[in-house]
Amino acid sequence: MADLLSDEEIETELPDHWEREDDEIVRVYEFDDYLRGVNFAQMVGEIAEAQFHHPEIIIRYSGVEIRLTSHEEGGITEDDIEMADLIESERGA
Ligand SMILES: C[C@H](O)[C@H](O)[C@H]1CNC2=NC(N)=NC(=O)C2=N1
């Protein structure tokens, strides 16, 4: 189990475009095609399964919202930051 990050660590390690909302880190990815968003959500799910660390994924007509927290630890850990980095690297690919 990963340790909870301090407020300073979260601010330092949060990838660009991600926001902290209480015990979660959040990013909205905009898509102009609904099914591209659906496919992106599938890719995020595959990363989550590989990492065994699962975000909340909200698919909207305008885009996809990803919300990450470490449920067992009750807050934000390195696992969340790593997931955000992996999603960013895939999205950028
Ligand atoms: C039993 C527990 O749900 C599992 O150990 C894993 C699965 N995926 C998970 N995902 C997230 N975001 N937090 C967890 O604590 C977590 N735990």
Side-chain angles (χ1 to χ4, degrees):
M1 273 182 37
D3 295 333
L4 291 176
L5 297 177
S6 68
D7 291 343
E8 293 75 22
E9 288 169 326
I10 295 167
E11 280 308 308
T12 304
E13 297 183 30
L14 202 61
D16 291 347
H17 310 297
W18 285 74
E19 302 288 332
R20 181 196 178 160
E21 293 183 13
D22 300 322
D23 286 339
E24 296 179 304
I25 58 172
V26 183
R27 167 96 148 96
V28 174
Y29 294 89
E30 296 182 351
F31 293 94
D32 56 8
D33 178 290
Y34 179 71
L35 288 180
R36 284 175 56 82
V38 172
N39 290 332
F40 173 71
Q42 169 74 26
M43 182 272 294
V44 172
E46 289 168 4
I47 295 171
E49 282 292 282
Q51 297 295 110
F52 200 55
H53 195 73
H54 303 82
E56 185 178 62
I57 304 172
I58 302 120
I59 301 172
R60 301 186 180 96
Y61 182 69
S62 59
V64 179
E65 180 175 311
I66 308 294
R67 305 186 70 90
L68 277 157
T69 192
S70 296
H71 300 291
E72 290 174 60
E73 291 82 6
I76 300 164
T77 71
E78 283 295 345
D79 293 341
D80 301 303
I81 301 295
E82 184 177 9
M83 271 294 293
D85 285 334
L86 288 169
I87 294 166
E88 283 296 304
S89 58
E90 279 294 317
R91 179 72 182 120

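Every number for a ligand or one of its atoms is a count from 1 in the order of the listing.
Closest protein heavy atom to atom 11 (C) of ligand 1: H71 CD2, 3.4 Å. When hydrogens are left out, the protein atom nearest atom 10 (N) of ligand 1 is H54 N, 2.9 Å; that is the closest non-hydrogen contact. For atom 15 (O) of ligand 1, the nearest protein heavy atom (residue, atom name, distance) is E72 N, 3.0 Å. Protein heavy atom in closest approach to atom 12 (N) of ligand 1: T69 O, 2.7 Å.
Cluster membership check: I66 does not share its hydrophobic cluster with F52, using side-chain heavy-atom separations under 4.5 Å among Ile, Leu, Val, Met, Phe, Trp and Tyr.
D23 contributes atom CG, which lies 11.5 Å from atom CD of E73 (distance to the nearest 0.5 angstrom). H17 contributes atom NE2, which lies 5.0 Å from atom CZ of R27 (distance to the nearest 0.5 angstrom).
In this structure, F31 and F40 have tilted ring planes: the angle between them lies in the 30° to 60° band.
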